[in-house]
4 protein chains.
Amino acid sequence: MTTAPGRPRDRRIDRAVLAATAELLVEVGYADLTIAAVAERARTTKPAIYRRWRSKAHLVHEAAFPTDAERVQVPSTGALDTDLRAMVRACVDVFAHPVARAAVPGLIAEFAADPTLHAALVERLADGPLGTARERLAGAPVDPGSVIEAMAGTTLLALLFRGDGELDDDWIDTTTTLLLKGIAP
Amino acid sequence: MTTAPGRPRDRRIDRAVLAATAELLVEVGYADLTIAAVAERARTTKPAIYRRWRSKAHLVHEAAFPTDAERVQVPSTGALDTDLRAMVRACVDVFAHPVARAAVPGLIAEFAADPTLHAALVERLADGPLGTARERLAGAPVDPGSVIEAMAGTTLLALLFRGDGELDDDWIDTTTTLLLKGIAP
Amino acid sequence: MTTAPGRPRDRRIDRAVLAATAELLVEVGYADLTIAAVAERARTTKPAIYRRWRSKAHLVHEAAFPTDAERVQVPSTGALDTDLRAMVRACVDVFAHPVARAAVPGLIAEFAADPTLHAALVERLADGPLGTARERLAGAPVDPGSVIEAMAGTTLLALLFRGDGELDDDWIDTTTTLLLKGIAP
Amino acid sequence: MTTAPGRPRDRRIDRAVLAATAELLVEVGYADLTIAAVAERARTTKPAIYRRWRSKAHLVHEAAFPTDAERVQVPSTGALDTDLRAMVRACVDVFAHPVARAAVPGLIAEFAADPTLHAALVERLADGPLGTARERLAGAPVDPGSVIEAMAGTTLLALLFRGDGELDDDWIDTTTTLLLKGIAP
DNA sequence: GGGTAATCGAGACGGTACGTCACGTCTTTTT
DNA sequence: AAAAAGACGTGACGTACCGTCTCGATTACCC
C-alpha cells in the first residue's frame, strides 16, 4: 500500500465546503450559487474546491444527497400496502428536504448535458431509498422499475408544482392508493 | 376600438425569434443558448428580444410550447381505457418533441426561482393537452389532478432518465395500464 | 414670396427644448445629458429635436451661448486699462455662467471631431464679446488675436482648474495687469 | 519587506494596454476609442483593463502623459527670458504631442465630472514640466501660478483653435514676449 | 534532516455572456 | 409636413462568473 506524495488534503475543507454549499443552496438557490461564494463561506478558496469537485453540479449533488446521512429507514412489514406507503414517504422525505429541493431543479438541468453527472446521481440514489425500494418490490407482480418511475415521477412533479405543505399525509395516502391499485394483479 | 400609439411591433420579429429559439435549442441545448445567438439567427437584436420576453426562460417556454401549434388532438371514444391511452400518448408527444425535450430541464431549473415563469408555464399547459385531459377525466371516479400528476410526472421522469426510443408503444401500454388500474374504483 | 408647404414648425418647441437643455446641463452635466431626457423635459419627442439640431453638441452650444441674450455690454472708456478690465470681466461672465460652464468641456471634446460644430461656435462667439474685444483692440500696438488668445485661454484654464469663487475681482485684476503689461509697447 | 499575496499582475499587460491606447487615440480619437478595441489591440481583455484603470479617462490620461517618458528637459540658463522661452516650448511639446493632442479635449470633458480624474491629472502634470516651471519661476517678481495659468491656458486655446503647424517658433516668440513683459516689474 | 511534492490562501488571468443604455432612424396615427 | 409615440438596428457599456494560473508559504512523506 502506497501513500500519495505531497501534502495531504485537509478533510475539514471537504466538510466545510459541503456544509457551506447546503446553506447557500437554501439561501440563494441553485442558479445564484457561485463557487466563489461557497469558498468564502467555507473560509477557503476556489482552487481548493475545484481540486475536489469537477463542477458546481458535482458539488451540489453530493451536498444534497449525502451518503453518510442517517440512512432513510424504510421499515419492512412484509405487507405490500404498508411497505409501499413507507416507500412513498421516504421518497418525499428525501426530495422534499430543503437542500434537495433547492438542488434538484438545477441538477436536472445540468445532467441533461453532463453524462458523468447523470451517472453519479443515479448511482448515489441507487445506493439510497430507490435501491431499497427496488429490493422490496422484487416480489411484486409488476416491473419494479415502472413502479419506481411512477412513484418518483409523481413525487417530482408534485414537488415542482405544489407547495411544500401540500405533500402531506393525505397526498401520500392518495398516491400510495393509486400506485397500489396500479400494481395489483 | 382604438389603436395603440407609436410604431407597432413587427410581428415578423416575434415569429423569427421563436423559430430561431426552437432551432438553437435543438442544436446547442438550453444552457448554451444565448439571447445574442437567437438575435443573430433571427436577424434582429437583443433589445428587440428583451422588449418582448423578460428572460431567456420566458422566451424558451413560449418556443417550446407554442399555443398556436396544431392542437394535439386527443380523440374521445367515451371509453376510459382508450381515452387514457390517447392522453398518455399526447403527453409523450408534447414533452418528447425535440424542442420541448431540450427546453424542459432548463425550464424546470428556472421556474424554481421565478414565480412569473411558473405561472406562465402552468397557464400555457393548462390551455393545452393537460387542460383537455382534465375535462375528459371529469367523470372518472378519482381526482383528475392526481391522475394528471401521476401521468405527467411519470412521463417527465422517463424523459429525463431514459433515451428517446424507450418511450415507445410498450412504454405507453405499461404506463396506461398502471394508471388505469389505479383509477379503477 | 412663398411659404413652406405642410404644417409649420411650432416655435414654442424650439424655446422649450433650449430651456430644457439649459436646465438639464446644470443638473446632470454634458456627458449625462441625453436627447431623450431633453425631449421629455420639454414635453416633446426626439424626432422633433433632431429635426432642428443635428446633434447634442449643436443643441447645447445654442443653449449655452444664446444669441438673443441681453448682449454683454463692454463699455468703452477709450482708456486701454479700463477697457481691457471690462473685457476680461465680460469674458469671465460669459464662460463662468452655470450653463456655459457645464457645456464648455463637453463642447471642446466634440468639436475636436466635428468641423461644423467648430465653425458654428467660432461664429457664435465672434458675434459676441470676443468680436467686441477684437474691435476695441484694433488700435492697440499688438495683434488682437494674440491678446484674445491669451485672455480667453487664461480664463478657460482657470475655469477648468479653479473653483467658481476663485474667479473674483482679484483674479480679474491680476490677469488684467499681466495682459496689460504684455501689451505695452 | 513583504510581497502582496495572490498572483501578481503581469506588468507586460500594463505596458501593452498603454501602448495600444496611445496608438488608437491617434488613429480614431478619444470619442471613438473603446475599451474593447484597446483590449483587442493589446491582446488582453476588458476585465483586465478595468482591473487597472477605473475608466477610459484614467487610462487615457496615463497613456497621454506617461511619467516614465524621457523627462522634458527645461534647460536653465539663469536668464528669465531664455528660461521662459524654454518653458513655453516644453509646454507646447507636451500638449502638441499627437497622443496628448488627441486625448486632451476628451479629458477636459471628463474631468469636469470626475474629481478623481481631476486630481490624478493635476498631480501627473505637477510632476512634469509644470512642476519644473513652478520651481524656475520661484524667484520671479510675480505669482508663478498666474504665469503658468496664462502660459498653459494660451497654449491650450491655441491647440484647440489652431492647426498643428501654427504653433511654430513665431508663435512661441510672440507668446513668450507677451508673458515676459507681463511678468516684468 | 534535507529533498520532493502536493496542498494551502490569495488573487490576477483570459474568456464569455450578461442585461442595459443611448444613439439616430423609421413607421404609425393624428393634427 | 409636422406632431406624438414608440419600435427599430446598432454598438458599446461595465459587471459577473467561469475555470485556470501563478505566486509564496505550508505540511507531510521519503530517503
Side-chain angles (χ1 to χ4, degrees), chain A residues 2-13 31-37 39-40 42-56, chain B residues 2-13 31-37 39-40 43-52 54-56, chain C residues 3-10 12-13 31-37 39-40 43-56, chain D residues 2-14 31-37 39-40 42-56:
Chain A
T2 62
T3 305
R7 177 174 175 173
R9 289 198 182 144
D10 186 343
R11 308 312 312 240
R12 289 172 305 180
I13 292 180
D32 291 342
L33 180 77
T34 67
I35 298 289
E40 188 181 2
R43 303 187 155 282
T44 181
T45 59
K46 287 198 293 173
I49 295 178
Y50 281 110
R51 243 174 254 128
R52 292 164 168 79
W53 293 275
R54 61 168 61 188
S55 75
K56 179 167 95 169
Chain B
T2 65
T3 306
R7 177 174 174 173
R9 291 219 176 123
D10 187 342
R11 309 316 312 256
R12 290 172 304 180
I13 292 180
D32 291 341
L33 181 77
T34 67
I35 298 289
E40 187 181 1
R43 303 190 152 280
T44 182
T45 59
K46 287 197 292 175
I49 295 179
Y50 281 110
R51 241 173 254 128
R52 292 166 167 79
R54 61 171 61 191
S55 73
K56 180 167 93 170
Chain C
T3 305
R7 176 173 173 174
R9 288 200 183 148
D10 187 342
R12 290 171 305 180
I13 291 179
D32 291 342
L33 180 79
T34 68
I35 298 290
E40 186 181 4
R43 304 187 156 280
T44 181
T45 59
K46 288 195 293 174
I49 295 178
Y50 282 111
R51 241 173 258 125
R52 293 164 166 82
W53 294 275
R54 60 169 61 189
S55 74
K56 179 168 95 168
Chain D
T2 63
T3 305
R7 178 173 174 172
R9 290 219 176 124
D10 187 342
R11 308 315 312 255
R12 292 171 303 180
I13 292 180
D14 297 63
D32 291 341
L33 180 77
T34 66
I35 298 288
E40 187 180 3
R43 303 188 154 279
T44 181
T45 58
K46 286 199 293 174
I49 295 179
Y50 281 110
R51 245 174 251 129
R52 292 166 166 79
W53 294 276
R54 63 169 63 190
S55 74
K56 180 167 94 169

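Only a predicted model underlies this, so the values are computations on that prediction, with no experimental measurement involved. Quick note on labels: first sequence line is chain A, next is B, and so on, each numbered from 1.
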- [ ] Could you check which of F:dC13, E:dG24, F:dA28 has an atom nearest any side-chain atom of C:Ile35?
- [x] E:dG24
Open item on the list: Closest approach to the side chain of D:Arg51, judged atom by atom: which nucleotide of F:dG9, E:dC18, E:dA12 is it?
Closed with: E:dA12
- [ ] Please figure out whether D:Lys56 or B:Ala48 has its closest DNA chain F nucleotide nearer the 5' end.
- [x] B:Ala48
Task: d(CD1, B:Ile13; C1', F:dC8) in whole Å - done: 7 Å
- [ ] Check D:Trp53 against D:Asp14 and note the closest heavy-atom contact, atom names and distance.
- [x] CH2-O, 4.0 Å
- [ ] Can you tell me the distance, in whole Å, between the CH2 atom of D:Trp53 and the P atom of E:dA12?
- [x] 14 Å
Task: Between NZ on residue A:Lys56 and CG on residue A:Leu33, distance to nearest 0.5 Å - done: 5.5 Å
- [ ] Provide, to the nearest angstrom, the distance between the CZ atom belonging to A:Arg12 and the C1' atom belonging to F:dT26.
- [x] 13 Å
Open item on the list: I need the B:Ile13 CD1 to B:Arg43 CZ distance, nearest 0.5 Å.
Closed with: 12.5 Å
Open item on the list: Tell me if the side-chain of B:Arg7 makes a donor-acceptor pair with the base of E:dC26, cut-off 3.5 Å, by modelled atom types.
Closed with: yes
Open item on the list: Quick check: on DNA chain E, is the nucleotide nearest C:Arg54 upstream (toward 5') of the one nearest A:Asp10, or the reverse? Name the residue that is more 5'.
Closed with: A:Asp10
- [ ] For D:Asp32 and E:dA22, give me the distance from atom CG to atom P, rounded to whole Å.
- [x] 19 Å
- [ ] Classify the side chain of A:Lys46 and the base of E:dG11 as holding, or not holding, a donor-acceptor pair under 3.5 Å.
- [x] no
TODO: Go through F:dA2, F:dC8, E:dG19 for me and flag the one nearest to the C:Arg9 side chain.
DONE: F:dA2
Open item on the list: Does A:Arg52 reach a base, just sugar-phosphate, or nothing at all? Heavy atoms under 4.0 Å.
Closed with: sugar-phosphate
Task: Test side-chain contact (heavy atoms from CB on, under 4.5 Å) applied to D:Lys46 and D:Ile49, step by step - done: CA-CA 5 Å; D:Lys46 286 199 293 174; D:Ile49 295 179; 5.7 Å; no
Task: Most 5' of B:Thr45 and D:Ser55 on DNA chain F, judged by nearest nucleotide - done: B:Thr45
Task: Test item: B:Arg9 side-chain N/O and B:Arg51 main-chain N/O as donor-acceptor pair under 3.5 Å - done: yes
- [ ] Would you kindly give the OH-to-C1' distance between C:Tyr50 and F:dA4, to the nearest whole Å?
- [x] 16 Å
Task: Side-chain N,O (B:Thr44) to OP1/OP2 (F:dG9) below 4.0 Å - done: yes
Open item on the list: From CG of B:Leu33 over to C1' of E:dC18, roughly how many Å is that when rounded to an integer?
Closed with: 13 Å
Task: D:Arg43 vs A:Pro47, nearer the 5' end of DNA chain E by closest nucleotide - done: A:Pro47
TODO: Please state how far atom CZ in B:Arg11 lies from atom P in E:dT27, giving the value in whole angstrom units.
DONE: 18 Å
TODO: Starting at atom CD of D:Glu40, determine the distance to atom P of F:dA12, rounded to an integer number of angstrom.
DONE: 11 Å
